Amino acid sequence: QVQLAESGGGLVQAGGSLRLSCAASGRTFSIYAMGWFRQAPGKEREFVAAISWGGTTSYYPDSGKGRFTISRDNAKNTVYLQMSSLKPEDAAVYYCAASRSWADALGPRSVSDYDYWGQGTQVTVSS
């Protein structure tokens, strides 16, 4: 099993920045990639970014990297999501996830590509 613990969510004003962290523990040798998703009330869970376990390859939605950047600290088994120029529409629960494998050549960008999920951390953006 793999355990994921997110942190860093909170309330931020529009235009501000926030960095989310996700620490992985347990059978981390089975992980090939880590990802971030978000889910706003009444909406589907949405892919935000992913990164290979070694940190050499990053994946973003078709719309591009945008205002969010994913990175990782190998020594700490921690993945980060740096969010900048936040907008009210970015408000959601942000989930960290770990993938053991995926089928899409474009990378692990679907919910079904992930095997383990964190509890989520709330991000609220005030206008």
Side-chain angles (χ1 to χ4, degrees):
Q1 286 284 2
V2 172
Q3 293 78 43
L4 303 173
E6 302 109 330
S7 61
L11 173 64
V12 62
Q13 287 190 332
S17 299
L18 208 58
R19 189 179 79 160
L20 306 182
S21 301
C22 175
S25 60
R27 299 170 66 88
T28 57
F29 61 83
S30 66
I31 300 174
Y32 279 79
M34 298 282 291
W36 286 98
F37 288 75
R38 68 184 184 185
Q39 188 167 20
K43 295 188 176 182
E44 293 186 352
R45 195 163 293 192
E46 175 187 23
F47 173 67
V48 176
I51 191 166
S52 60
W53 184 244
T56 57
T57 306
S58 299
Y59 307 91
Y60 293 96
D62 288 340
S63 55
K65 179 179 177 180
R67 299 169 285 109
F68 296 175
T69 302
I70 192 169
S71 63
R72 65 167 278 113
D73 183 328
N74 290 343
K76 297 181 178 180
N77 280 351
T78 299
V79 174
Y80 304 98
L81 183 68
Q82 179 67 48
M83 305 184 293
S84 60
S85 301
L86 284 163
K87 304 176 181 180
E89 51 263 43
D90 293 318
V93 177
Y94 283 71
Y95 295 93
C96 174
S99 172
R100 295 182 298 177
S101 66
W102 60 89
D104 192 339
L106 296 179
R109 306 192 296 174
S110 298
V111 170
S112 59
D113 290 326
Y114 291 82
D115 304 281
Y116 305 100
W117 293 84
Q119 293 297 311
T121 184
Q122 178 71 50
V123 172
T124 304
V125 184
S126 63
S127 57

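Worth knowing before you read on, the calculation uses all heavy atoms, side chains too, and leaves out hydrogens, waters and symmetry mates. Values in this document were obtained by computation on a predicted structure and should not be read as measured data.
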Next item on the list: Could you tell me whether a side-chain N or O of Tyr60 sits under 3.5 Å from a main-chain N or O of Ile70, the two making a donor and an acceptor?
Entry: yes
Item checked: Heavy-atom side-chain contact between Ser110 and Trp102 under 4.5 Å -> no
Note to self: Please give me the minimum heavy-atom distance between Asp90 and Ser85, naming the atom from each residue.
What the structure shows: OD2-O, 4.4 Å
Notebook entry, point to check: Between Ser84 and Arg67, is there a donor-acceptor pair closer than 3.5 Å when you use the side chain of the first and the backbone of the second?
Noted result: yes
Item checked: Heavy-atom pair with the smallest gap, counting every atom of Pro108 and Phe47 -> O-CE1, 3.6 Å
Notebook entry, point to check: Same cluster or not: are Tyr59 and Val79 linked, directly or through other Ile, Leu, Val, Met, Phe, Trp or Tyr residues, by side-chain heavy atoms under 4.5 angstrom apart?
Noted result: no
Note to self: Show the nearest heavy-atom pair for residues Ser127 and Pro88, with the distance to one decimal.
What the structure shows: CB-CG, 3.9 Å
Item checked: pair Arg109-Asp62: side-chain heavy atoms closer than 4.5 Å -> yes
Checklist line | Least distance between heavy atoms, Asn74 atom then Gly54 atom | finding: ND2-O, 3.5 Å
Next item on the list: Identify whether Ile51 and Leu18 are in the same connected component of the hydrophobic contact network (ILVMFWY, side-chain heavy atoms under 4.5 Å).
Entry: yes
Next item on the list: Report yes or no: does Ser52 contribute a side-chain atom to a donor-acceptor pair with the main-chain N or O of Thr57 at less than 3.5 Å?
Entry: yes
Check: Would one find more than 12 heavy atoms of other residues, nucleotides or ligands at under 6.0 Å from atom CD of Glu89?
Finding: yes
Margin query: Please determine whether residues Val48 and Trp53 belong to a single hydrophobic cluster, defined as Ile, Leu, Val, Met, Phe, Trp and Tyr linked transitively by side-chain heavy-atom distances below 4.5 Å.
Written below: yes
Check: Does some side-chain heavy atom of Phe29 sit less than 4.5 Å from a side-chain heavy atom of Val2?
Finding: no
Notebook entry, point to check: Got Val111 and Glu44 here, is their nearest side-chain heavy-atom distance under 4.5 Å?
Noted result: no
Checklist line | Heavy-atom closest pair, residues Ala24 and Met34 | finding: CB-CE, 4.2 Å
Notebook entry, point to check: Does Tyr80 reach the main-chain N or O of Asp73 with its side chain, forming a donor-acceptor pair under 3.5 Å?
Noted result: no
Margin query: Has Gln82 got a side-chain atom pairing as donor or acceptor with Arg19's backbone, closer than 3.5 angstrom?
Written below: no
Notebook entry, point to check: Does a side-chain heavy-atom distance below 4.5 Å link Leu81 with Phe68?
Noted result: yes
Note to self: For Arg27, I'd like to know if atom CZ has over 12 heavy atoms of other residues, nucleotides or ligands within 6.0 Å.
What the structure shows: no
Notebook entry, point to check: Can you tell me if Arg38 uses its side chain to pair, donor with acceptor, with the backbone of Ala92 under 3.5 Å?
Noted result: no
Check: Taking side chain as C-beta onward, heavy atoms only, is Tyr32 less than 4.5 Å from Ser101?
Finding: no
Checklist line | Any Val123 side-chain heavy atom under 4.5 Å of Leu20 side chain | finding: yes
Note to self: Could you measure the distance from the CG atom of Leu4 to the OG1 atom of Thr78? Nearest 0.5 Å is fine.
What the structure shows: 10.5 Å
Next item on the list: Considering non-hydrogen atoms only, spot the tightest contact between Tyr114 and Ala50 and give its length.
Entry: OH-CB, 3.3 Å
Margin query: With a 6.0 Å cut-off on the ring centroids, do Trp117 and Phe37 count as close?
Written below: yes
Checklist line | Among Met83, Gln39, Glu6, side-chain contact (heavy atoms from CB on, under 4.5 Å) partner for Tyr94 | finding: Met83
